[in-house]
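A short write-up of the structure that comes next.
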Protein chains: 2
Amino acid sequence: MTKKRNSRTVYAVLGFLADKPRSGYEIKKAIDDKIGFFWSESYGQIYPILKKLVDKGLAEKIPANADDGRKKQFYKITDLGKDEFQEWLKLPADYNSIRNEILLKLFFGANADKETNLNHLRSFKESNQSLINDLKQLDNQENTGTYQQAVLAYGANTSKVSVKWANETINRLTKLSS
Amino acid sequence: MTKKRNSRTVYAVLGFLADKPRSGYEIKKAIDDKIGFFWSESYGQIYPILKKLVDKGLAEKIPANADDGRKKQFYKITDLGKDEFQEWLKLPADYNSIRNEILLKLFFGANADKETNLNHLRSFKESNQSLINDLKQLDNQENTGTYQQAVLAYGANTSKVSVKWANETINRLTKLSS
DNA sequence: AGCACCATGTAAGTGGTTACATGATTCC
DNA sequence: GGAATCATGTAACCACTTACATGGTGCT
């Protein structure tokens, strides 16, 4: 009974191919733009995986159009690919391997001076503030379905409390004597 | 100008050694118990890193006590190790490489049936509810400083909104016709 | 002409997990 | 006696990042 523990990247790629045929470059862009606030991938993963998906029959290459100026290589998910993807969707998500570096630094904050910690909190606050804006943008422009909207709402909620928490923590630290 | 991009595990280990001398086993336990909600490590990382820290002069072995029943191998951070750790604390945290699998599954939820998505939401809700309890426990029992308390508060805030969001999303989905 | 971005890929290196191996101690 | 937990480590494997290589297109 081995674990298998497949690469999550595979499913992120399959997910975007399930939406519509895409090139590797477009997949990367979609990941950055649409799920960037909770997911990231590199080309070094995407391109080899695309090849592997074709080998396994989970996706297939679409021959480039002649009148297509760019030399894009499109990929289309197969029925087998859809099955595989849907099987994965049913599996429980492994909550694990969460690593939040800014929390780690703050947790050990007593080892640094106050200004260092305040800087971390400020940059954390700023990144969450711009995230709020980005998500608002996304919510307006995109024709998202129920599930996408729910995920966006999650991002909006958590980033809002993050900003609030950062403000409170900054205030509390600032008042501190040391 | 190379990136260096050192292993974050090294600093998690150094951080707990900066608190007090510990064995590899105790470090793992401290990580699980105290920062488990935003960090995780495996023995396969910790023990080799402990050895590497000694090689680099960032930590040193403490010879086991004779009257110490268990054969624990303790490690103590050196001044050099403290310097290295404090330098790292000053560096900006790289917000990146965040990967939330449950959000990924929900984002692609339209490819699965409603019950699958509800299951993910329910288990997400439950894990956040037990997190709230765990954090309450931690906050009471431990003699934590300002920074630890702040991090705990962050965990409490985000897990509360997560539960709230999960409830709302579950309700909205349940009402949906399909 | 030059810059930003589009576009695809490979190679090297590393960070990290999982599985395996071994044995002591404590509690029921 | 047996299970849970304490305790330390190694080996194999793989997921992922970074750096490199190459060239096209569009804009100013």
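- The NZ-P distance, from K72(A) to dC5(C), rounds to 16 Å in whole Å.
- Residue K28(B) places no side-chain N or O under 4.0 Å from the OP1 or OP2 atom of dA7(D).
- Atom pair F74(B):CZ and dG9(D):P shows a separation of 13 Å (rounding to whole Å applied).
- Between the side chain of N128(A) and the main chain of K125(A), no donor-acceptor pair closer than 3.5 Å is present.
- The shortest distance between the side-chain N/O atoms of S7(B) and the OP1/OP2 oxygens of dG16(C) is below 4.0 Å.
- Rounded to 10°, the angle separating the first-five-pair axis and the last-five-pair axis of the helix from dA1(C)-dT28(D) to dC28(C)-dG1(D) equals 40°.
- Here E115(A) pairs with R122(A) under the side-chain hydrogen bond (donor to acceptor under 3.5 Å, both in side chains) rule; sequence neighbours left out.
- Using a 4.0 Å heavy-atom cutoff across all strands shown, Y75(B) reaches sugar-phosphate atoms only and no base atom.
- Of the possible donor and acceptor atoms, none in the side chain of E84(A) sits under 3.5 Å from a partner among the backbone N and O of Y11(A).
- Here the nucleotide nearest the side chain of T9(B), chosen from dG9(C), dG16(C), dT17(D), is dG16(C).
- At a cut-off of 3.5 Å, with distance as the only test, a side-chain donor of D113(A) or T116(A) sits close to an acceptor on the other residue.
- Using a 4.5 Å cut-off on side-chain heavy atoms (C-beta onward), N117(A) and K114(A) make no contact.
- Note on L135(A): it does not cluster hydrophobically with V161(B), by side-chain heavy-atom contacts below 4.5 Å among ILVMFWY residues.
- In this structure, a donor-acceptor pair under 3.5 Å is absent between the side chains of E60(B) and T78(B).
- For the contact set between residues 42-50 of chain B and DNA chain C, defined by any heavy atom under 4.0 Å, the members are S42(B), G44(B), Q45(B).
- When the nucleotides dA7(C), dT8(C), dG9(D) are ranked by their closest atom to the side chain of Q73(A), dT8(C) comes out on top.
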Side chains of residues 16-28 of chain A: which donor-acceptor partners sit under 3.5 Å, not counting sequence neighbours?
residue	atom	partner	partner atom	Å
D19(A)	OD2	R22(A)	NH1	3.1
D19(A)	OD2	R22(A)	NH2	3.3
R22(A)	NH1	F16(A)	O	2.7
S23(A)	OG	E26(A)	N	3.2
E26(A)	OE1	S23(A)	N	3.2
E26(A)	OE2	K72(A)	NZ	2.7
K28(A)	NZ	D32(A)	OD2	3.3
K28(A)	NZ	E41(A)	O	2.9

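- Taking the ring centroids of Y154(A) and F124(B), they lie under the 6.0 Å cut-off.
- A salt bridge (Lys or Arg N to Asp or Glu O under 4.0 Å) check over residues 126-139 of chain A, counting only residues at least two apart or in different chains, returns nothing.
- Taking atom CD on E41(A) and atom C1' on dT18(D), their separation rounds to 15 Å, with Å as the unit.
- Rounded to whole Å, the distance from CH2 on W39(B) to P on dT17(C) is 10 Å.
- The shortest distance between side-chain heavy atoms of W39(A) and I31(A) falls below 4.5 Å.
- Residue K51(A) places at least one side-chain N or O closer than 4.0 Å to OP1 or OP2 of dT10(C).
- A 4.5 Å side-chain heavy-atom check between L50(B) and L53(B) finds at least one atom pair inside the cut-off.
- Between the CG atom of L53(A) and the P atom of dT8(C) there is a distance of 15 Å, rounded to whole Å.
- dC5(C) atom P lies 13 Å from atom CG of D33(A), rounded to whole Å.
- Nucleotide dT8(D) holds its C1' atom 17 Å from the NZ atom of K29(B), rounded to whole Å.
- A heavy atom closer than 4.0 Å to some atom of DNA chain C occurs in S23(A), G24(A), Y25(A), these being the qualifying members of residues 16-27 of chain A.
- Contact annotation: R99(A) side-chain N/O to dG15(C) OP1/OP2 distance is not under 4.0 Å.
- For D94(A) and dT18(C), the CG to C1' distance is 13 Å, given to the nearest whole Å.
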